[in-house]
Novice: 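Please read through the structure below; I'll follow up with questions.
Everything quoted here is computed from the prediction, not taken from an experiment.
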Amino acid sequence: MLNRASVALVVIDVQESLMPKIPAASVIVEEIIRLIRFARLLGLPILWTEQYPKGLGPTVPEIAGELTGLTPIEKLAFGCMADPQFVAALQETGRTNLLITGVETHICVLQTALGAVERGFEVWVAADAVGAREARQHDAALNRIVDSACQLVTAEMAMFEILEKAGTPEFKQCLPLLKR
């Protein structure tokens, strides 16, 4: 299960030129925002990337606005684990579990998940907080992610796992994110 003391949230490449091409982009953005707010309430580390922002543009404003005070890690490598700046930032957190969100499922999300597993990390991918331009690419990537010793969760499933129980001050703080 996801453990609060060992998990970091990874937000991958939710950029202006990509999101209009992603089916259900508004739902994906909404779930990523819920996870960011949750991570911030619990003090979980958040790593945020942008793939070649000169070409793909910045992170969509709705997400960037939630990440105030953090700086995106600009990368050219598709997989975050192939980017030295990302790896250094991840090592600084001391976390060994990753909860991954973002786009595209079959490219940067998949390569990040596979690279993290290769380096000994435990990986959870929030299936409702990742997307791709084509459903077949998205579905194939989710299958490969599961076949590669990663776990699929939903944003809400991840939040409840990390919280573990009701009645705590943290649970009460997060309740607005859990009610729909």
Side-chain angles (χ1 to χ4, degrees), residues 7-40 43-119 121 123-145 148 150 152 155 158:
V7 69
L9 178 65
V10 180
V11 180
I12 300 174
D13 309 344
V14 188
Q15 291 167 257
E16 287 182 346
S17 71
L18 295 173
M19 293 313 287
K21 300 170 186 166
I22 307 289
S26 62
V27 173
I28 293 164
V29 167
E30 179 183 315
E31 293 304 322
I32 293 171
I33 288 171
R34 283 177 71 199
L35 286 169
I36 292 168
R37 289 177 179 170
F38 177 81
R40 291 206 132 177
L44 304 177
I46 302 170
L47 300 170
W48 162 30
T49 69
E50 291 180 338
Q51 178 71 30
Y52 186 61
K54 289 178 187 167
L56 297 177
T59 298
V60 295
E62 308 94 277
I63 300 282
E66 297 291 332
L67 296 167
T68 303
L70 300 176
T71 302
I73 299 167
E74 294 184 14
K75 63 184 183 64
L76 293 176
F78 298 122
C80 294
M81 300 306 287
D83 182 89
Q85 187 181 356
F86 178 88
V87 171
L90 178 56
Q91 287 174 338
E92 282 181 33
T93 71
R95 302 300 173 112
T96 57
N97 298 341
L98 304 182
L99 176 56
I100 297 177
T101 68
V103 298
E104 283 192 70
T105 315
H106 64 296
I107 306 169
C108 298
V109 169
L110 174 66
Q111 289 185 35
T112 300
L114 296 177
V117 168
E118 283 179 357
R119 289 178 179 245
F121 289 86
V123 176
W124 286 259
V125 175
D128 57 349
V130 296
R133 290 165 288 150
E134 297 178 3
R136 66 187 176 89
Q137 301 288 359
H138 175 75
D139 294 343
L142 291 180
N143 288 332
R144 189 166 175 205
I145 285 167
S148 301
C150 301
L152 283 185

Novice: Taking all non-hydrogen atoms of both residues, which atom of Lys75 and which atom of Cys108 are closest, and how far apart?
Specialist: NZ-SG, 3.5 Å
Novice: Walk me through it: do Met81 and Glu118 pass the test side-chain contact (heavy atoms from CB on, under 4.5 Å)?
Specialist: CA-CA 9 Å; Met81 300 306 287; Glu118 283 179 357; over 6 Å; no
Novice: Which heavy atom in Val87 sits nearest to a heavy atom in Cys80, and how many Å separate them?
Specialist: CG2-O, 4.2 Å
Novice: Any non-hydrogen side-chain atom of Ile46 less than 4.5 Å from a side-chain atom of Ile36?
Specialist: yes
Novice: Taking all non-hydrogen atoms of both residues into account, name the closest pair between Val14 and Val11 and its distance.
Specialist: CG2-CG1, 4.0 Å
Novice: Check whether any side-chain heavy atom of Leu44 sits under 4.5 Å from a side-chain heavy atom of Val7, and report yes or no.
Specialist: yes
Novice: With rounding to the nearest 0.5 Å, note down the distance linking CD1 in Ile100 to CG in Leu152.
Specialist: 11.0 Å
Novice: Which pairs would a plain distance check flag for residues 54-63, meaning a side-chain donor or acceptor within less than 3.5 Å of a matching protein atom at least two apart in sequence or in another chain?
Specialist:
from: Thr59; atom 1: OG1; to: Trp48; atom 2: NE1; distance (Å): 2.8
from: Thr59; atom 1: OG1; to: Glu50; atom 2: OE2; distance (Å): 2.7

Novice: Within this structure, what is the SG-CD1 distance for the pair Cys150 and Ile145, rounded to the nearest 0.5 Å?
Specialist: 6.5 Å
Novice: Can you check whether Gln137 reaches Thr105 side chain to side chain, under 4.5 Å on heavy atoms?
Specialist: no
Novice: Can you name the closest pair of heavy atoms from Gln15 and Gln51 and give their distance?
Specialist: OE1-N, 2.7 Å
Novice: Within the structure provided, determine whether Phe121 and Leu90 are in side-chain contact (heavy-atom separation under 4.5 Å).
Specialist: yes
Novice: Could you pull out the closest heavy-atom pair between Ala141 and Leu110, with the gap in Å?
Specialist: O-CD1, 4.1 Å
Novice: Going by the side-chain hydrogen bond (donor to acceptor under 3.5 Å, both in side chains) test, which pairs reach into residues 83-103, not counting sequence neighbours?
Specialist: Ser6-Asn97
Novice: Would you mind writing out the side-chain donor-acceptor pairs for residues 129-136 within the sub-3.5 Å range, not counting sequence neighbours?
Specialist:
from: Arg133; atom 1: NE; to: Glu104; atom 2: OE1; distance (Å): 3.0
from: Arg133; atom 1: NE; to: Glu104; atom 2: OE2; distance (Å): 2.7
from: Arg133; atom 1: NH2; to: Glu104; atom 2: OE2; distance (Å): 3.1
from: Glu134; atom 1: OE1; to: Arg136; atom 2: NE; distance (Å): 3.1
from: Glu134; atom 1: OE1; to: Arg136; atom 2: NH2; distance (Å): 2.9

Novice: Of all residues at least two apart in sequence or in a different chain, which pass the salt bridge (Lys or Arg N to Asp or Glu O under 4.0 Å) check with Arg119?
Specialist: none
Novice: Go through the structure and list residues passing salt bridge (Lys or Arg N to Asp or Glu O under 4.0 Å) with Arg40, not counting sequence neighbours.
Specialist: none
Novice: Please lay out, stage by stage, how Ile12 and Val103 fare under the test side-chain contact (heavy atoms from CB on, under 4.5 Å).
Specialist: CA-CA 6 Å; Ile12 300 174; Val103 298; over 6 Å; no
Novice: Please report the shortest heavy-atom distance between Leu98 and Ala116, naming the atom on each side.
Specialist: CD1-CB, 3.7 Å
Novice: Under a 4.5 Å cut-off applied to non-hydrogen side-chain atoms, are Leu9 and Phe38 in contact?
Specialist: no
Novice: With sequence neighbours left out, what residues match Glu74 under salt bridge (Lys or Arg N to Asp or Glu O under 4.0 Å)?
Specialist: none
